[in-house]
Amino acid sequence: MTPLQTPEFAFMGGRLIPWKDAVLHVSTEAINRGLNVYEGLKGYWRHDGAGFGVVAMRRHYDRLRRSAALLHIPCPVDFDTFRDSCRQLFRALLRRDRDMWLRATLYVVEGHWGEGTVADLVLTAYHQDPTPPKPIRVGVSTWRRSSDVSLPPRIKTSANYNVARLARIEGRPRGCSEMILLNQWDRVAEATGACLIMVRDGTVVTPPPSEGRLESITVQIVAALCQSLAIPYQERPIERTELLIADELALAGTLSELTPIEQLDHYRLPPQTPILNALSSRFWGAVRGVNPHPAIDLEPVDTHDLPGDVRPVIFPAP
Ligand code: PMP
C-alpha cells in the first residue's frame with residue numbers, strides 16, 4: 001500500500017495554509033451529504049527546459065463549473081483566480097524530481113438542502129513518480145455505475161466514488177488494482193478512476209459518455225492523438241465479451257495517463273501493444289513539451305527560485 005502523502009501546504013479560504021489546518025466543520029453539507037465537486041489535474045516537468053506545465057487547466061475548470069452547476073453549487077472563483085490558486089500551491093510544493101497531481105475541490109461550506117449554498121475552493125497536491133505507468137491487472141466488477149437519473153456519472157462528485165471504492169475492495173483479493181464497472185445495460189461504462197480504451201482490428205474504441213462514463217479530458221486527448229496519427233477512432237457501446245477478444249486494452253485518465261492492461265480477470269491480453277505504444281509515445285512527447293500537440297495545452301507554472309530549492313550558501317567576505 002502506498003502511504004498517503006501529507007504535504008506541507010493546502011489551499012483553502014483563498015490562501016495557502018498548513019496541511020493540518022485544512023479542515024471542515026461536521027455540520028456542513030460537504031460532510032453531511034458528501035456534497036462537493038472536484039477535478040484532478042496533472043502537472044509535468046517539461047523536458048525542453050521550459051519549466052513545469054499543467055495539462056488542460058481551462059478544460060478542467062470548465063468541467064468543474066459544469067459539475068457544480070448540475071448540483072446547484074455556485075462556483076466561487078473565475079478562471080483567473082482558479083489558475084492563480086493552483087499556481088500558488090504548485091509553487092509551494094514543487095520538487096525538481098517529481099511531477100504533481102492536484103485535486104481541486106469545491107466543498108459546500110454553507111447552506112442547507114440547496115438554499116443559501118456557498119462553496120469554497122480547496123486545493124491539495126501530491127508528488128508523483130515521473131515514470132510512465134506499468135501494465136496492470138483489472139477485473140470486471142459486480143458493482144454497477146449509477147445511471148443518469150440516479151447519480152449522473154457526468155458529475156465529478158465524491159458520491160460517485162462510493163461504488164468505485166466498493167469495486168476496488170472487491171478487486172483487491174483478485175489481484176486487481178483497478179476494476180471495470182458495467183452500466184445499467186450490462187455494457188462497459190468505465191473503470192473506477194479512469195476511462196477504458198479498447199483496440200480491435202486497428203481501431204481505438206471507447207464508450208460514449210451516454211454509456212455512463214465521465215466526460216473525460218484524456219479521452220478527448222486520445223481522440224485527437226488518433227486523428228494526428230491516422231489511427232481510426234470510434235465511440236460506441238462496448239459489450240463485456242468484447243473485452244475478452246480485444247487486441248489491446250488500456251485505462252485513460254489524467255492520473256492513469258495511458259495505463260496498459262495486461263490481464264483482465266483470467267484472460268491475458270496479447271503482449272504486443274503497437275497502437276497503445278504509438279499513442280503513449282505521442283502523449284509523453286507532448287506532456288514533456290518536446291513534441292507539442294494542440295490537444296495537450298500546458299499551463300505554465302513559474303519555477304524560478306522554488307521554495308524547496310537548495311540555494312548556494314554565500315559566505316560573507318572576511
Ligand atoms: N472516469 C472517472 C470515474 C474518473 O475519476 C476519471 C479521472 N478524472 C476519468 C474517468 C478520466 O477523466 P479525465 O481524463 O478527465 O481525467
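No hydrogens, no waters, no symmetry mates; every other heavy atom, side chains included, goes into these values. We count ligands from 1, going down the list as the structure has it; atoms in each ligand are counted the same way.
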Smallest separation among heavy atoms of Asn160 and Ser146, with atom names: OD1-OG, 3.5 Å
Closest non-hydrogen atom pair between Thr117 and Ile73, with its separation: CG2-CA, 4.3 Å
Stepwise side-chain hydrogen bond (donor to acceptor under 3.5 Å, both in side chains) test for Thr131 and Asp129: CA-CA 6 Å; Thr131 55; Asp129 181 346; 2.8 Å; yes
Geometric class of the Phe52/Trp45 ring pair [parallel <30°, tilted 30-60°, perpendicular >60°]: perpendicular
Close residues, ligand 1: non-hydrogen atom nearer than 4.0 Å: Arg63, Arg145, Lys156, Tyr161, Glu190, Thr192, Gly193, Ala194, Cys195, Leu214, Ser216, Ile217, Thr218, Ala252, Gly253, Thr254
Residues Glu39, Lys156: salt bridge by 4.0 Å N-O rule: no
Note: Arg137-Glu262 ion pair, threshold 4.0 Å (strictly below): no
